[in-house]
Asker: 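Quick one: the structure is below, and I'll ask about it shortly.
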Amino acid sequence: MQAIRSVGIFLGSSTGINPLFGRKIADLCETFARRSIAVVYGGGNIGLMGLLADTAIKNGVHVTGVIPRHLIERELGHDGIQDLRIVETMHERKAVM
């Protein structure tokens, strides 16, 4: 069996209504760090997406973001991650992720 090297995570650009989401993101990032698993996500720096990226970076996890050009200003593309890929469409975003 091959080891998991990266995980794609789909999250919202809002924080949601349940604070448990944030705590679970922290737990996930700690697990990813221990197992050297990289994260691929939607590329934003707000809401749950931003929390995931920031928490992963703090834990030493490599983070790749994929964001459509038209959402860079609205979702505020995260400039602190190691790899931010700008694509043209939402369909391309999902395919790259």
Asker: Closest heavy-atom contact between Ile81 and Ala53?
Answerer: CG2-CB, 3.9 Å
Asker: side-chain contact (heavy atoms from CB on, under 4.5 Å) with Asn18: which residues, sequence neighbours excluded?
Answerer: Leu20, Phe21
Asker: Just to verify, what does Ile17 make a side-chain contact (heavy atoms from CB on, under 4.5 Å) with, not counting sequence neighbours?
Answerer: none
Asker: My understanding is that only residues two or more places apart in sequence, or in another chain, count here; which of them pass side-chain contact (heavy atoms from CB on, under 4.5 Å) with Arg5?
Answerer: none
Asker: Can you tell if the side chain of Leu11 reaches within under 4.5 Å of the side chain of Leu51, non-hydrogen atoms only?
Answerer: no
Asker: Side chains of residues 56-68: which donor-acceptor pairs under 3.5 Å do they make with residues two or more places apart or in other chains?
Answerer:
| residue | atom | partner | partner atom | Å |
| --- | --- | --- | --- | --- |
| Asn59 | ND2 | Thr55 | O | 2.8 |

Asker: I'd like to check the side-chain hydrogen bond (donor to acceptor under 3.5 Å, both in side chains) partners of Arg85; sequence neighbours left out, ordered by chain and number.
Answerer: Asp83
Asker: For Thr15, enumerate each residue passing the side-chain contact (heavy atoms from CB on, under 4.5 Å) test, keeping only those at least two apart in sequence or located in another chain.
Answerer: none
Asker: CG of Asn45 to CG of Asp54: how many Å apart, nearest 0.5 Å?
Answerer: 7.5 Å
Asker: List the atom pairs, with distances to 0.1 Å, where a side-chain N or O of residues 28-41 and a protein N or O form a donor-acceptor pair under 3.5 Å, not counting sequence neighbours.
Answerer:
| residue | atom | partner | partner atom | Å |
| --- | --- | --- | --- | --- |
| Thr31 | OG1 | Asp27 | O | 3.2 |
| Thr31 | OG1 | Arg34 | NH2 | 3.3 |
| Tyr41 | OH | Gly44 | O | 2.9 |

Asker: Which distance, rounded to the nearest 0.5 Å, do you find between the CG of Leu48 and the NZ of Lys24?
Answerer: 14.0 Å
Asker: With rounding to the nearest 0.5 angstrom, report the OG1 to NZ distance, Thr89 to Lys94.
Answerer: 10.0 Å
Asker: Could you grab the distance from atom CD of Glu88 to atom CZ of Arg93, nearest 0.5 Å is fine?
Answerer: 13.0 Å
Asker: Give me the atom names and distance for the closest heavy-atom approach of Ser13 to Met49.
Answerer: CB-CE, 3.8 Å
